[in-house]
Amino acid sequence: AGCAAAEDGAAGPDGTDVADAGDAEDAEDAGDTAPGPVLMEVGTADLDGLAFVALDGCPEVDIIHGIQGGYHIWASVRVRDVSPSKAEIRVRLRDATTGEVVAPGDVTLSLDLDEVPGDADPPWLERNGLPAYVSDPCPIDGRTLTLEGRVVDLYGVEREAEGCLVARMLPEWRFACGGP
């Protein structure tokens with residue numbers, strides 16, 4: 001079975017724009033080969049869930065035992081060129097080796113995005129301290145995971161990004177996994 005070329009602006013099966021194969025050549029012909037600004041980043045947050053922490057170099061990230069008894073890894077998103085009001089934000093953890101989604105799966109919230117102070121152009125908008133829930137922390141302790149993020153604004157503008165992390169159970173919660 002063949003694959004037909006999509007038209008500019010056509011939607012793929014997941015609703016995202018699909019560019020045709022000539023777009024890269026068209027950009028080169030126009031002399032526009034420099035990449036534009038990064039439009040989205042995913043990260044984690046500090047232990048309080050308040051500040052964006054980049055996922056540089058696939059860092060160890062704590063599995064948090066929440067006050068309501070469940071477990072999560074803090075996730076954060078940073079985006080550009082979207083409306084900040086009532087954005088649909090989805091985060092998901094996936095095992096980087098097996099590709100399996102970490103249960104319970106997607107966490108989707110409708111929240112406003114906050115402007116990040118600074119001189120970035122275009123400015124960053126972010127939401128920190130999103131709980132990427134973990135049903136059972138024991139199987140992912142020490143595993144490399146992919147944190148996937150997606151933001152869709154009120155007007156349907158969509159951004160996606162992913163980052164790498166190594167899940168780490170805090171020593172004081174290792175009893176849940178039968179450890180010391």
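Of the possible polar contacts, one joining the D136 side chain to the C138 backbone as a donor-acceptor pair under 3.5 Å is found. Although no hydrogens or angles enter the test, the distance criterion places no donor-acceptor pair under 3.5 Å between the side chain of D106 and the main chain of T108. In this structure, D112 contributes its side chain and K86 its backbone to a donor-acceptor pair below 3.5 Å. A donor-acceptor pair is defined here as one N or O able to donate and one able to accept, closer than 3.5 Å; such a pair exists between the side chain of R80 and the backbone of V38. Checked by atom type and distance alone, the side chain of T44 pairs as donor or acceptor with a backbone atom of W74 at under 3.5 Å. Between the side chain of D153 and the backbone N or O of Y155 there is at least one donor-acceptor pair closer than 3.5 Å. R94 places no side-chain N or O within 3.5 Å of a backbone atom of E148 that could act as its donor or acceptor partner.
For the pair P131 and V91, the tightest heavy-atom approach, listed with the atom from each and the gap, is O-CG2, 4.3 Å. In this structure, L125 and P84 approach most closely via the heavy-atom pair CD1-CB, 4.0 Å. Here the closest non-hydrogen pair linking C177 and P137 is SG-C, 4.4 Å. In plain terms, the two heavy atoms of T146 and A96 that are nearest each other are OG1-CB, 3.9 Å. Counting all heavy atoms, side chain and backbone alike, S83 lies closest to L113 at O-CD1, 4.1 Å. Counting all heavy atoms, side chain and backbone alike, I73 lies closest to D62 at CG1-O, 3.8 Å.
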Any chance you could lay out the side chain to side chain contact (heavy atoms under 4.5 Å, CB included) test for V61 and L55, step after step, and finish with the verdict?
CA-CA 9 Å; V61 175; L55 293 176; 4.1 Å; yes

Step by step, would you call R168 with D141 a salt bridge (charged side-chain N to carboxylate O under 4.0 Å, His left out)?
CA-CA 5 Å; R168 179 183 70 178; D141 186 25; over 6 Å; no

Apply side chain to side chain contact (heavy atoms under 4.5 Å, CB included) to residues S76 and V53 and explain how you reach the verdict.
CA-CA 8 Å; S76 295; V53 177; over 6 Å; no

Worked verdict on L147 versus L93 for side chain to side chain contact (heavy atoms under 4.5 Å, CB included)
CA-CA 5 Å; L147 173 61; L93 293 168; 3.9 Å; yes

What verdict does the side chain to side chain contact (heavy atoms under 4.5 Å, CB included) test give for V77 and M40, after you've listed the backbone C-alpha separation in whole Å, the side-chain angles of each residue and the deciding distance to 0.1 Å?
CA-CA 7 Å; V77 296; M40 182 168 169; 3.8 Å; yes

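A distance of 14.0 Å separates CG of L39 from CZ of R78, quoted to the nearest 0.5 Å. The CD atom of E162 lies 10.0 Å from the CZ atom of R92; values are rounded to the nearest 0.5 Å. Note that CG of L170 and CD1 of I63 are 8.0 Å apart. Values are rounded to the nearest 0.5 Å.
No option in D95, V102, V166, L165 other than D95 meets the side chain to side chain contact (heavy atoms under 4.5 Å, CB included) test with R143.
Residues V82 and R159 are in side-chain contact: their nearest non-hydrogen atoms beyond the backbone lie under 4.5 Å apart. Looking only at side-chain heavy atoms (C-beta outward), L109 and L130 come within less than 4.5 Å of each other. By the 4.5 Å heavy-atom criterion applied to side chains, E172 and H65 are not counted as neighbours.
Counting only residues at least two apart or on different chains, no ring-ring contact (aromatic ring centres under 6.0 Å, His included) pair has a member in residues 123-153.
Under a hydrophobic clustering in which Ile, Leu, Val, Met, Phe, Trp and Tyr are joined whenever their side-chain heavy atoms come within less than 4.5 Å, directly or via other members, V151 and V107 fall into the same cluster. V157 and V79 fall within a single hydrophobic cluster, where Ile, Leu, Val, Met, Phe, Trp and Tyr are joined by side-chain heavy atoms under 4.5 Å apart, directly or via other members. Taken together through direct or relayed side-chain contacts under 4.5 Å among Ile, Leu, Val, Met, Phe, Trp and Tyr, I89 and V152 form parts of separate hydrophobic clusters. In this structure, L154 is not a member of the same hydrophobic cluster as L111, with clusters built from ILVMFWY side-chain heavy atoms closer than 4.5 Å.
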